[in-house]
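Both backbone and side-chain heavy atoms feed into the values below; hydrogens, waters and symmetry mates do not.
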Amino acid sequence: MAKKEKEFDTINDGSHAIRKFSIGDFLVIFVLVVLCLTCVLPFIHLAAKSVSSNTAVMQKSVVLWPKGFNLEAYASIFQDGTLVHSFLYSVEVVLIFTVMGMIACTCAAYPLSKKRLKGRAFFTVLLMIPMYFNAGLIPTYLLYKDLNMLNTMWVLILPLIYSSYNMLIMKNYFQSSIPDSLEEAAFLDGASNFQILFLIVLPLSLPIIATLSLFYAVGRWNAYADNKYYITKEALKMIQYKLYQLVASATEAQTATLSEAAEVTSTPEVLQAACIMFATIPIICIYPFLQKYFVKGVMVGAVKG
Amino acid sequence: MTKTNAESAVLPGKKVGYWKKLKLDFLKNPWLYLMLIPGLVYFLVFKYLPMWGIIIGFEDYSPFLGPFKSAWKGLYWFQRFFSTSKWMTYLSNTLILSFMSIIFTFPAPIILALMLNEIRSIHYKKVTQTLLYMPHFISIVIVVSITYVIFGTDGIIYKLTTQLMGRSIDYLGDPGVFRWMIVGQNIWKETGWGTIIFLAALTNVDTQLYEAAMIDGANRAQRLWHITLPAIRSTIVLMLVLRMGSVLDTGYEHLILMSNALNRSVSQTLDVFVYENGIKNGQLSYTTAVGLMKSLVSVVLVVTSNKIAHALGEEGLY
């Protein structure tokens with residue numbers, strides 16, 4: 001798009017280098033800079049707070065640059081251990097979930113991408129209905145109870161491994177990006193069906209695999225409400241739920257134990273900021289590297305679907 | 001290819017039933033069908049089995065008796081909900097918040113995508129996009145806690161607006177501000193991410209049209225109105241229909257974080273009702289009935305908006 005526009009500018013003005021820069025262009029860039037700042041500044045603010053001294057934070061003098069630099073809040077997170085434990089537990093859940101989810105998604109999307117499959121329409125309807133009509137919280141809760149899934153790690157994993165949306169994206173990708181003729185050629189060369197899937201289709205689908213893995217991982221990492229509905233054991237709760245307890249109800253015992261462990265060297269505010277950064281930094285560090293994949297993945301999947 | 005094999009196995013001209021064909025095709029490539037079995041089981045167990053559980057919304061469900069033996073109540077719970085004095089509050093809170101969300105959060109990514117589309121420098125565009133996508137990857141818990149930090153009485157924005165306006169606004173407690181805060185948080189979190197799909201649609205616009213329009217003397221606004229918007233119209237309609245399906249989902253995860261004793265009058269929506277009375281207080285039948293009502297209204301909204309989309313000459317969802 002951008003390239004085409006440049007060619008077009010060249011035609012119009014003789015050279016795109018001296019194309020007039022109108023007030024409109026300036027306004028657009030200005031507004032976008034402001035919007036980017038609103039996305040970034042809150043984090044810089046929190047990051048600055050999390051490494052500042054208590055007195056500076058209590059005087060409200062920390063805005064975007066840390067004052068009285070120290071890492072005590074982070075040290076107390078590691079000393080206390082509960083947040084580190086739930087962080088590691090969350091990583092474990094997210095990894096198991098992402099792997100299982102990708103296997104499940106591929107198993108369903110690959111056959112459904114084949115036009116020769118009988119009963120495709122039936123499966124598509126089967127997938128679509130739950131996207132718009134769900135049984136609601138209580139029947140779902142009772143089901144998990146009957147399946148003895150409450151208060152296990154699996155209640156955070158199994159109910160979400162199939163996602164109609166992700167499946168449709170993957171199916172569309174298989175259909176639009178992997179030519180049938182390639183598979184036919186492999187078949188004629190004597191490749192088995194599983195060889196075709198593992199040696200041809202999946203290696204060609206890395207962008208979509210990266211995209212959907214990111215969706216699965218981020219979705220699981222960020223959700224907290226199912227921890228609240230289905231789990232009562234503290235040890236089985238994920239990090240976002242801990243944050244929810246810590247932040248939303250600062251009066252709860254959780255906060256007290258954490259700041260006691262910090263021997264009241266950190267004010268809750270510094271500690272809060274540190275906890276937020278602790279749970280967010282992993283994702284903020286990962287997603288920019290996958291951007292080129294997920295943008296492509298969403299485009300392929302969504303525009304057609 | 002396999003399909004032709006399967007068909008040639010049957011004598012030409014002979015009529016073959018669907019099941020016969022299915023059987024033949026299954027024997028040709030069984031693994032293709034076997035791969036679908038886990039998915040089938042998953043959907044039946046996790047999505048369709050609970051739908052059957054909706055029956056308890058018409059019963060006086062007791063966990064000890066189970067859904068078969070519990071007493072049948074018919075529409076009692078629905079009547080009970082509408083006979084309470086508060087049903088209007090729950091319903092209007094849900095509807096107002098839902099429609100405020102759709103009016104303000106839906107157009108935002110379109111406008112932003114149009115702005116991004118105006119940018120020529122590839123590098124600037126890429127950096128901008130990376131930054132704008134960031135809030136999408138952040139949990140709502142963190143969005144709310146950031147809000148508490150900067151809008152609370154110690155927060156920067158609170159201090160700033162107090163100084164500028166000469167009076168303080170209680171961002172976190174004032175019922176009048178509550179809905180705007182929710183909508184604002186949603187816009188902040190999802191607008192950047194929402195642009196991806198519209199940017200994809202914008203890449204399909206034929207640049208020759210712009211050229212022709214420029215030669216005819218159309219200015220930027222005219223090109224936007226007559227070329228760009230019509231080109232992405234079908235994407236807009238499709239996304240709107242999709243959005244209608246979840247319009248009544250006010251996001252319990254989000255609301256419960258923002259609600260407090262001061263703003264209860266506006267933060268109580270149907271989602272909050274179902275959680276508080278169902279899981280907290282154990283009124284399972286009652287809340288199942290209320291939840292069912294919400295699901296049905298959502299389905300009606302999707303079907304209606306899809307019909308409207310068809311009437312407008314768009315493809316719609318199905």
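- For the atom pair B:S145 OG and A:L46 CG, the distance stands at 7.5 Å (nearest 0.5 Å).
- Under a 3.5 Å cut-off, the side chain of B:Y133 and the backbone N or O of A:Y287 do not form any donor-acceptor pair.
- With respect to chain B, the highest number of heavy-atom pairs below 4.5 Å among A:P288, A:A223, A:P130 belongs to A:P130.
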When the side chains of residues 27-42 of chain A are checked against the rest of the protein, which donor-acceptor pairs come out under 3.5 Å, sequence neighbours left out?
unit_1	atom_1	unit_2	atom_2	d
A:T38	OG1	A:L35	O	2.6

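- For A:M149, the part sitting under 4.5 Å from any heavy atom of chain B is the side chain, from C-beta outward, and nothing else.
- Counting non-hydrogen atoms of neighbouring residues, nucleotides and ligands closer than 6.0 angstrom, the NZ atom of A:K145 reaches no more than 12 such neighbours.
- Using a 4.5 Å cut-off between heavy atoms, B:Q129 contacts chain A through both its backbone and its side chain.
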Can you list the steps and then say if A:Y229 with B:Y275 is a ring-ring contact (aromatic ring centres under 6.0 Å, His included)?
CA-CA 9 Å; A:Y229 300 152; B:Y275 174 75; 5.4 Å; yes

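- Residue A:Y241 does not touch chain B at all, counting heavy-atom pairs closer than 4.5 Å.
- With a 4.5 Å cut-off on side-chain heavy atoms, A:P139 and B:T288 count as touching.
- Only the side chain of B:I156 comes within contact range of chain A, with heavy atoms under 4.5 Å apart.
- For B:P135, the part sitting under 4.5 Å from any heavy atom of chain A is the side chain, from C-beta outward, and nothing else.
- With a threshold of 4.5 angstrom between heavy atoms, B:L132 approaches chain A through its backbone and through its side chain.
- Proximity to chain B is absent for every atom of A:L290, based on heavy atoms less than 4.5 angstrom apart.
- Of the two parts of A:F133, the backbone and the side chain both hold a non-hydrogen atom closer than 4.5 Å to a non-hydrogen atom of chain B.
- Heavy-atom distances place no part of B:T235 under 4.5 Å from chain A, backbone and side chain included.
- Looking at A:Y230, neither its backbone nor its side chain comes within 4.5 Å of chain B, counting heavy atoms on both sides.
- B:V127 does not touch chain A: none of its heavy atoms, backbone or side chain, sits under 4.5 Å away.
- For the pair A:H45/B:I146, no side-chain contact is recorded, criterion being any heavy-atom separation below 4.5 Å from C-beta on.
- With values rounded to the nearest 0.5 angstrom, A:I276 atom CD1 is found 10.5 Å from B:I138 atom CD1.
- Chain B forms more heavy-atom pairs under 4.5 Å with one residue of A:T140, A:I129, A:D180 than with any other, namely A:I129.
- Nearest heavy-atom pair across A:L158 and B:Y42 is O-CE1, 3.4 Å.
- The closest donor-acceptor contact from the side chain of A:Y162 to the backbone of B:G39 lies under 3.5 Å.
- Not one N or O on the side chain of A:Y244 forms a donor-acceptor pair closer than 3.5 Å with the backbone of B:L257.
- By the 4.5 Å heavy-atom criterion applied to side chains, B:F46 and A:L160 are not counted as neighbours.
- Neither the backbone nor the side chain of B:K294 has a heavy atom closer than 4.5 Å to any heavy atom of chain A.
- Rounding to the nearest 0.5 Å gives a distance of 11.5 Å between CE of B:M115 and CG of A:D25.
- Rounded to the nearest 0.5 angstrom, B:I142 CD1 and A:F43 CZ are separated by 7.0 Å.
- Of the residues considered (B:M134, B:M51, B:Q208, B:K159), B:M134 shows the highest number of contacts with chain A, using heavy-atom pairs under 4.5 Å.
- A 6.0 Å sphere centred on NZ of B:K126 holds no more than 12 heavy atoms belonging to other residues, nucleotides or ligands.
- Nearest heavy atom pair, residue A:F122 against residue B:L40, reads CE2-CD1, 4.4 Å.
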Distance-only check: which donor-acceptor pairs under 3.5 Å involve side-chain atoms of residues 191-200 of chain B, not counting sequence neighbours?
unit_1	atom_1	unit_2	atom_2	d
B:T191	OG1	B:I187	O	2.6
B:T195	OG1	B:G192	O	2.5

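- If you tally non-hydrogen atom pairs under 4.5 Å between each of A:I284, A:L126, A:D146, A:L147 and chain B, the highest count goes to A:L126.
- At a 4.5 Å heavy-atom cutoff, the contact between A:Q240 and chain B is made by backbone and side-chain atoms alike.
- Using a 4.5 Å cut-off between heavy atoms, A:I286 does not touch chain B at all.
- With A:N222 contributing its side chain and B:F137 its backbone, the two residues share a donor-acceptor pair below 3.5 Å.
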